[in-house]
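Down below is the structure, laid out as structure tokens.
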Amino acid sequence: MTLATVCVPKTGAIHTRRWVAEALLDLVGWTPDRPLETFRIVEPSVGSGAFLQPLVERLLARVSNQSLPWADLLDVVRAVDIDSDQVAVCRQMVRELLVRAGAARGEAEQIAGAWVQRGDYLLDDDERQPADIVVGNPPYIRWDDLGETRSQQYRNACRTIRGRGDIYLGFWEKALESLRPGGRVGFICADRWMRNGYGAGLRELVGNSFHMGAVWAMHDADAFEERVMAYPAITVVSRSPGERTPVVVETNETFGQAGARQAVLFTNSTRESEQGSGWRGYRLDHWYSGKGLWPTGSPETLSQLDQLSGLPTLEETGCRIGIGLATGCDARFVVDNVPPIELDRLLPMVMSSDLTDQVVRWSGHYLVNPWGPDGQLVDLDQYPLLKQWLDVPAVRGRFISRRRLDQWHRTIDKVIPGLTDRPKLLIADLRPRLSPYLETGQAYPHHNLFWITSTSWDLEVLGGLLLSDTAEMFIKAYCVRMAAGTLRLSAQYLRTIRTPAPESLSAEERTGLAKAFRYRDREAASRIAKQVYAV
């Protein structure tokens with residue numbers, strides 16, 4: 001996915017390409033060589049029918065020679081959507097398929113009406129009868145686009161929906177709960193629930209009570225009719241015992257119908273590993289359980305992560321990790337010329353663009369700082385020039401200003417007392433490599449910078465360790481990778497990095513890491529890190 005990709009539409013409707021639907025139906029076992037007429041398959045968000053059409057075609061191919069009464073198929077398919085227009089379109093499509101297969105108009109009308117229903121899968125209990133297969137592309141709708149009433153209804157109905165996650169979490173939860181023994185859920189949707197805080201409840205549900213049947217990471221594949229920033233993956237979860245999980249990774253823009261057919265054959269086989277047109281696959285000996293973040297990567301990477309899992313995290317070695325300050329209106333709060341305000345309300349601010357070459361080069365930006373040294377907002381009556389500078393529609397009109405009228409002049413984040421003066425490692429988001437820089441305690445970090453302070457580490461030594469391939473391996477196992485492998489970071493990913501205790505490093509290792517950090521020598525840092533980590 002590229003940064004220029006458009007975002008998901010507010011309707012949540014993203015139309016899946018035919019080859020993706022066909023591959024997913026293969027993976028969940030909806031194939032004409034099986035007794036499909038004895039199953040119940042559910043499509044919980046039918047949309048324009050991208051999954052419904054091929055699944056009906058497969059069902060009709062199966063029963064064409066079975067001489068079954070059409071009425072016997074009434075309970076086999078259930079397709080649901082909240083949009084009545086989409087329901088009407090899909091019913092018409094089903095009617096035409098049935099008539100072409102030999103059903104009378106009246107029978108086709110009855111079956112189409114039974115199969116395709118208007119409803120809300122997350123709220124309507126009638127739409128979640130026991131199922132053998134649940135398949136589809138659940139909607140992508142963020143909480144900001146739901147409205148307060150609907151958002152609260154979904155939170156009340158789905159225990160896995162927490163924080164500011166997408167409603168597809170609820171579709172996973174309800175689909176899994178509906179499965180009969182041996183049943184499968186197969187969705188193409190964002191895989192961020194595997195590696196983000198808001199997915200903890202769903203990870204716990206899947207990891208502890210179900211079997212991960214297959215995962216295809218498809219971030220760079222052309223899976224949808226529109227270009228969307230969705231980080232999609234095909235994921236199959238089953239209510240049946242299982243051991244090894246086939247994983248398809250490194251899909252690229254060439255991954256399409258031919259590659260998907262190859263990947264299906266691999267996934268449904270017992271082969272250890274394989275590669276094909278735009279993909280590479282392998283089998284994991286075990287999947288993950290509990291609420292923790294689920295890593296991704298090659299078997300070699302996952303094996304190394306397992307080996308290092310007994311080491312302490314950065315925070316357990318005495319580090320503190322955070323992200324810089326978000327203002328909600330940088331045009332007024334972040335300046336590069338001194339505005340007409342009280343000078344003690346200016347706080348030097350380091351920007352992502354200041355991290356260049358081998359050092360931090362401050363570009364002269366300041367935060368117009370409404371926070372006092374005690375961590376509380378200053379009294380604007382004592383700062384009339386600050387009040388005049390901030391009292392503009394761009395600041396007053398922010399959501400945070402409207403929510404707390406008495407604190408309209410605040411920034412979204414508080415200024416952490418003492419952080420400016422503390423030496424800290426800074427790491428910029430959206431860089432191709434994990435790149436720590438030392439800020440010696442003169443400026444406050446902007447919101448697209450992550451910071452690390454420590455009471456136990458020499459920060460140059462720690463910086464050298466973080467510069468290494470081994471430390472970067474942790475990040476790449478969890479974070480989103482954008483165009484050209486650019487890392488999309490978060491504090492929670494930095495918290496996954498494990499290191500030996502600082503006192504366990506030899507004097508030679510500490511000296512070598514510090515030197516590698518000062519000279520941005522990744523090769524030397526990586527070589528010494530292998531000794532330190534004993535990998």
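Since we're looking at a predicted model, the values are computed, not measured. Just so you know, these numbers use all the heavy atoms, side chains as well, and skip hydrogens, waters and symmetry mates.
- Legend: residues meeting side chain to side chain contact (heavy atoms under 4.5 Å, CB included) with Ala200, ordered by chain and number and at least two apart, are Arg203, Lys291.
- For the pair Val215 and Asp191, the minimum side-chain heavy-atom distance is 4.5 Å or more.
- Residues passing the ring pair (Phe, Tyr, Trp, His ring centres under 6.0 Å) test with Tyr493, sequence neighbours excluded: none.
- Among residues two or more places apart in sequence or in another chain, the salt bridge (charged side-chain N to carboxylate O under 4.0 Å, His left out) test is passed with Arg280 by Glu250.
- Residues Gln152 and Arg155 have side chains that never bring a donor and an acceptor to within less than 3.5 angstrom of each other.
- For Arg398, there are no salt bridge (charged side-chain N to carboxylate O under 4.0 Å, His left out) partners, not counting sequence neighbours.
- Residues satisfying the side chain to side chain contact (heavy atoms under 4.5 Å, CB included) test with Ala326, not counting sequence neighbours, are Ile412, Asp413, His447.
- Residue pairs that meet the salt bridge (charged side-chain N to carboxylate O under 4.0 Å, His left out) test with at least one member in residues 262-271, sequence neighbours left out, are Arg271-Glu274.
- Partners of Ala214 under the side chain to side chain contact (heavy atoms under 4.5 Å, CB included) rule, at least two apart in sequence or in another chain, are Val236, Pro246, Thr267.
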List, one per line, each side-chain donor-acceptor pair under 3.5 Å for residues 47-61, sequence neighbours excluded.
| from | atom 1 | to | atom 2 | distance (Å) |
| --- | --- | --- | --- | --- |
| Ser48 | OG | His15 | ND1 | 3.1 |
| Gln53 | NE2 | Glu57 | OE2 | 3.2 |
| Glu57 | OE1 | Arg18 | NH2 | 2.6 |
| Arg58 | NE | Glu22 | OE1 | 3.3 |
| Arg58 | NH1 | Asp26 | OD1 | 2.7 |
| Arg58 | NH1 | Trp30 | O | 2.9 |
| Arg58 | NH2 | Glu22 | O | 3.3 |
| Arg58 | NH2 | Glu22 | OE1 | 2.5 |
| Arg58 | NH2 | Asp26 | OD1 | 3.1 |

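- Qualifying salt bridge (charged side-chain N to carboxylate O under 4.0 Å, His left out) partners for Glu173, counting only residues two or more places apart in sequence or in other chains: Arg159.
- Shown here are the side-chain hydrogen bond (donor to acceptor under 3.5 Å, both in side chains) partners of Arg396, two or more places apart in sequence or in another chain: Asp391.
- With hydrogens and angles disregarded, a donor-acceptor distance shorter than 3.5 Å links the side chain of Gln262 to the backbone of Ser277.
- For residues 70-92, every residue pair satisfying the salt bridge (charged side-chain N to carboxylate O under 4.0 Å, His left out) rule, not counting sequence neighbours, is listed here: Arg78-Glu127.
- The salt bridge (charged side-chain N to carboxylate O under 4.0 Å, His left out) search around Arg488 returns Asp429, not counting sequence neighbours.
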